[in-house]
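Below, all heavy atoms of this structure are taken into account, side chains as well, without hydrogens, waters or symmetry copies.
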Amino acid sequence: MPKLGSSNSKEQSSHLSTIIPLFKDYKICRLGDRDFCSVKLAKWLSGKSVYFCLRLKKNEFIEVKNKIWIELSELGLVPGTSFFIQGVKITKTKGSSTFNVACKWKRSISGFISKEGWFIMTNLNSLDLAIAAYKKRFGIEEAMQRGLGEAARSWGSPP
């Protein structure tokens, strides 16, 4: 993205529409953290046949039964657990859409417990695929922090 900080789904889809054709012979999976997640973007990505794993904020809602909505934080995700919810509407607002939600909270390792679990909106069809894809985000962030970020940001820019 040509600017630092958060961007909205319109800006993201605009930039992605120039990049996606470059990878027409590949399967693409868009990874995004809570600040880069929206149902609108997910719908747009699905329409472009792009896979996605977009982390939801724990205060988002899903429709568990017809007109029965529950906040993600109330699903019972605790350290050491994971589950996969298929075909649920996400968000109570107009424009909700049906996707899968992969839920995972790492177990305690040597007394260290992650602050919170992951709720990942995805169009992938299994927990394992969604978690494996989303984990790659951390390798990308590490590369950005090591200075590859400038090079990556300049790939789409004219010389």
Side-chain angles (χ1 to χ4, degrees), residues 1 6-13 15-17 19-145 152:
M1 302 292 287
S6 296
S7 55
N8 62 40
S9 61
K10 186 177 180 180
E11 292 171 319
Q12 290 177 30
S13 58
H15 290 290
L16 288 169
S17 65
I19 296 168
I20 289 171
L22 301 174
F23 297 95
K24 66 181 181 210
D25 296 330
Y26 298 89
K27 291 181 181 179
I28 302 169
C29 185
R30 168 69 166 93
L31 308 175
D33 205 358
R34 293 168 286 198
D35 294 333
F36 297 94
C37 178
S38 76
V39 171
K40 189 174 182 180
L41 177 63
K43 282 193 227 181
W44 185 87
L45 290 167
S46 287
K48 300 292 181 188
S49 299
V50 172
Y51 294 108
F52 59 85
C53 291
L54 305 172
R55 188 170 174 193
L56 296 164
K57 294 179 181 178
K58 64 183 177 183
N59 64 346
E60 289 284 349
F61 285 83
I62 61 169
E63 186 178 38
V64 292
K65 290 185 180 177
N66 189 28
K67 297 186 182 183
I68 299 175
W69 293 83
I70 188 168
E71 192 172 277
L72 293 174
S73 64
E74 301 296 320
L75 288 175
L77 186 65
V78 294
T81 62
S82 59
F83 47 89
F84 192 69
I85 306 167
Q86 292 184 292
V88 292
K89 284 186 182 175
I90 299 170
T91 191
K92 283 176 143 180
T93 61
K94 183 179 178 185
S96 64
S97 198
T98 303
F99 296 109
N100 301 327
V101 180
C103 309
K104 181 176 177 76
W105 195 335
K106 290 182 184 180
R107 63 182 172 81
S108 172
I109 300 173
S110 300
F112 175 78
I113 299 174
S114 297
K115 289 182 183 178
E116 59 186 13
W118 294 343
F119 298 100
I120 302 167
M121 176 172 49
T122 186
N123 57 353
L124 295 172
N125 60 12
S126 77
L127 175 69
D128 291 339
L129 284 173
I131 297 302
Y134 189 73
K135 281 182 178 178
K136 293 179 187 213
R137 192 184 131 261
F138 300 102
I140 295 165
E141 282 188 5
E142 184 179 321
M144 298 290 273
Q145 290 172 357

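- The OH atom of Y134 lies 11.5 Å from the SG atom of C29; values are rounded to the nearest 0.5 Å.
- Here the side chain of T81 pairs no donor or acceptor atom with the backbone of L77 at under 3.5 angstrom.
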*Run the numbers on F83 and L75 for side-chain contact (heavy atoms from CB on, under 4.5 Å), then give the verdict.*
CA-CA 10 Å; F83 47 89; L75 288 175; 4.0 Å; yes
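- Looking at I85, V88, I70 one by one, the single match for side-chain contact (heavy atoms from CB on, under 4.5 Å) with V64 turns out to be I70.
- Not counting sequence neighbours, the partners of F52 by the ring-ring contact (aromatic ring centres under 6.0 Å, His included) test are F99.
- With R30 as reference, L54 is the one residue of N123, I20, L54 to meet the side-chain contact (heavy atoms from CB on, under 4.5 Å) rule.
- Within the model, atoms CH2 of W69 and CD of E63 stand 4.5 Å from one another, a figure rounded to the nearest 0.5 Å.
- The minimum heavy-atom distance between M121 and S38, with the atom names listed, is CE-O, 3.7 Å.
- Of all non-hydrogen atoms in A130 and L124, the two that sit nearest each other are CA-CD1, 3.8 Å.
- Here the closest non-hydrogen pair linking F119 and L72 is CZ-O, 3.4 Å.
- A heavy-atom distance below 4.5 Å is found between the side chains of V101 and I62.
- Across K89 and T98, no two heavy atoms sit closer than the pair CG-OG1, 3.7 Å.
- Scanning for side chain to side chain donor-acceptor pair (under 3.5 Å) contacts around S73 gives E71, with sequence neighbours left out.
- Closest of all the heavy-atom pairs between I28 and F23 is CD1-CB, 3.7 Å.
- A salt bridge between R55 and E116 is present, with a side-chain N of the basic residue lying under 4.0 Å from a carboxylate O of the acidic one.
- Taken from CZ in F84 to OG in S126, the straight-line distance is 6.0 Å, to the nearest 0.5 Å.
- The shortest distance between side-chain heavy atoms of P79 and R107 does not fall below 4.5 Å.
- Residues meeting the side chain to side chain contact (heavy atoms under 4.5 Å, CB included) test with S49, sequence neighbours left out: none.
- Between L56 and I90 the shortest side-chain heavy-atom distance falls below 4.5 Å.
- Across all their heavy atoms, N125 and N100 have their closest contact at CA-ND2, 4.2 Å.
- When each of L129, D128, L127 is tested with I131 by the rule side-chain contact (heavy atoms from CB on, under 4.5 Å), just one qualifies, namely L127.
- Side-chain contact check for S17 versus W44: some heavy-atom pair is nearer than 4.5 Å.
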